[in-house]
Amino acid sequence: MVNSVRWCVLFVVLFGIGLTNAAEFPEFAALPVRPELPDPLVMLDGTEVTTAKDWNAKRRPELKQLFQHYMYGYLPPKPQRWSVEKVLFSDPTFMDGRATISESRLAFFGPDLKHRLHVLLVVPNKRSGPVPVFTAMNFCGNHAIANHPGIHIPEGWVYKSCGGSENERATERGRGTQAGDWNLDLIVERGYGIACFYSGDIDPDTPDFSDGIEPSFYAPGQTSPGPSDAATIAAWAWSYHRVVDFLVEKHRATVDSGRIAAVGHSRNGKTTLLAAAMDDRIALAIPHQAGCGGTAPDRVSIDRKDVETIRRINTAFPHWFCGNFKLFNEQPEKLPFDQHCLVALCAPRPVLYTNALDDQWANPDGQFEMLKAADPVYRLFDSGGLDVSERPDLRKLVDGKLGYYIRPGKHAMDREDWGVFLDFADKYF
Ligand code: GCU
């Protein structure tokens, strides 16, 4: 709760009168039922926004607060202090000398914060200046990304489904087991770097917050999260921001701080979009097959079985979203926003939604509708938005500022996907 209070104070100080203070956001019962998508360009008090200036000064801050208040919980503040505690290794001979791979252990400190995050950084050796970099959260640990003996093996919880997982702990057998998802050779060949980290370092994906960073931000005496305190996706988004700090503050010579992209698959994609919405330093975002609670609409009939609904996601993954979000399980149409407003928060930065035909659970058609509904916000910036009105055919990349791609096949991140991510990034970087 202390976190929310801190934000409210900051909110009032920064944005002054004229905006609804987060503390005054209506209770669930007082929110009107709005079956139609809320207009991203109309403030909570009904004021219309017609300029990029007003969007940036008024509506964007309001929407950032609304998403945190009702859905994700307030992202923790930047740590009071952080450091690179140790560079675990650095190997310039990676990929037959085409890249340098290193792993750094970051340490965060605050009044009650003491936490560590391992960042695996791969950068091409052939470069004429600082390179563009993808920041990316992974599912199974950095050691799963590449088979390199120097990469540390996570000590804490990992998913049972991860290669080499034994009793929900990572083992040596997991090394390189996700290399096919990451395609480091392609990334390096195309002149990009990647800064990868494991979600479990920040908060293991279990309904229990005690092993994550969240309790570090509780008020004295608090033992469980308040209704708008950070839940797991917010904590993970915070970690993307910490990796950006690391790149911007410690790697200026090799990484171009103006060309930092964020990418993530599925639950990590939901996190990617939230991270980009909240932090302008992320210059381009690719939430891949992110679906419900990220790129797909909240307003879907609660009885649908073919796509994920808020009720389903909050039941299966009660720790991903804040307490307030559960209030909308039966009535998503009471939300004062929908997910088009989240992507709109990235305007005018490029965002690409990538999907797969067999992954209907992630609602690829609904995602396209979200881009359409966000387009008017991008148009305020005169820099293009979604440049088509119909969902494109399979394998046709729509590469406007609001990009879209759908391929045949299933829920996965593969080499074809990376080819598309790189094509999209090439256009803007
Ligand atoms: C489940 C969940 C999705 C999520 C996916 C994933 O399918 O319902 O919301 O995106 O897991 O993270 O792989």
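When reading the values below, keep in mind they use all heavy atoms of this one structure, side chains included, and skip hydrogens, waters and symmetry mates. Start at 1 and go down the list; that is how both ligands and their atoms are numbered.
Taking the centre of each ring, Phe134 and Trp418 come in below the 6.0 Å mark.
Between His411 and His265, the ring-plane angle classifies as tilted under the 30° and 60° cut-offs. Classification of the Phe89-His148 ring pair by plane angle, with boundaries at 30° and 60°, yields parallel.
With salt bridges taken as basic N to acidic carboxylate O contacts below 4.0 Å, none links Lys58 and Asp45.
Around the CD atom of Glu390, the shell of radius 6.0 Å holds no more than 12 heavy atoms that belong to other residues, nucleotides or ligands.
Contact residues of ligand 1 (protein heavy atom closer than 4.0 angstrom to a ligand atom; sorted by chain and number): Ser266, Arg267, Lys270, Ala290, Glu308, Ile313, Phe317, Trp320, Trp361, His411.
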Verdict with reasoning, Val343 to Gln367, per side-chain contact (heavy atoms from CB on, under 4.5 Å): CA-CA 10 Å; Val343 63; Gln367 291 188 39; over 6 Å; no
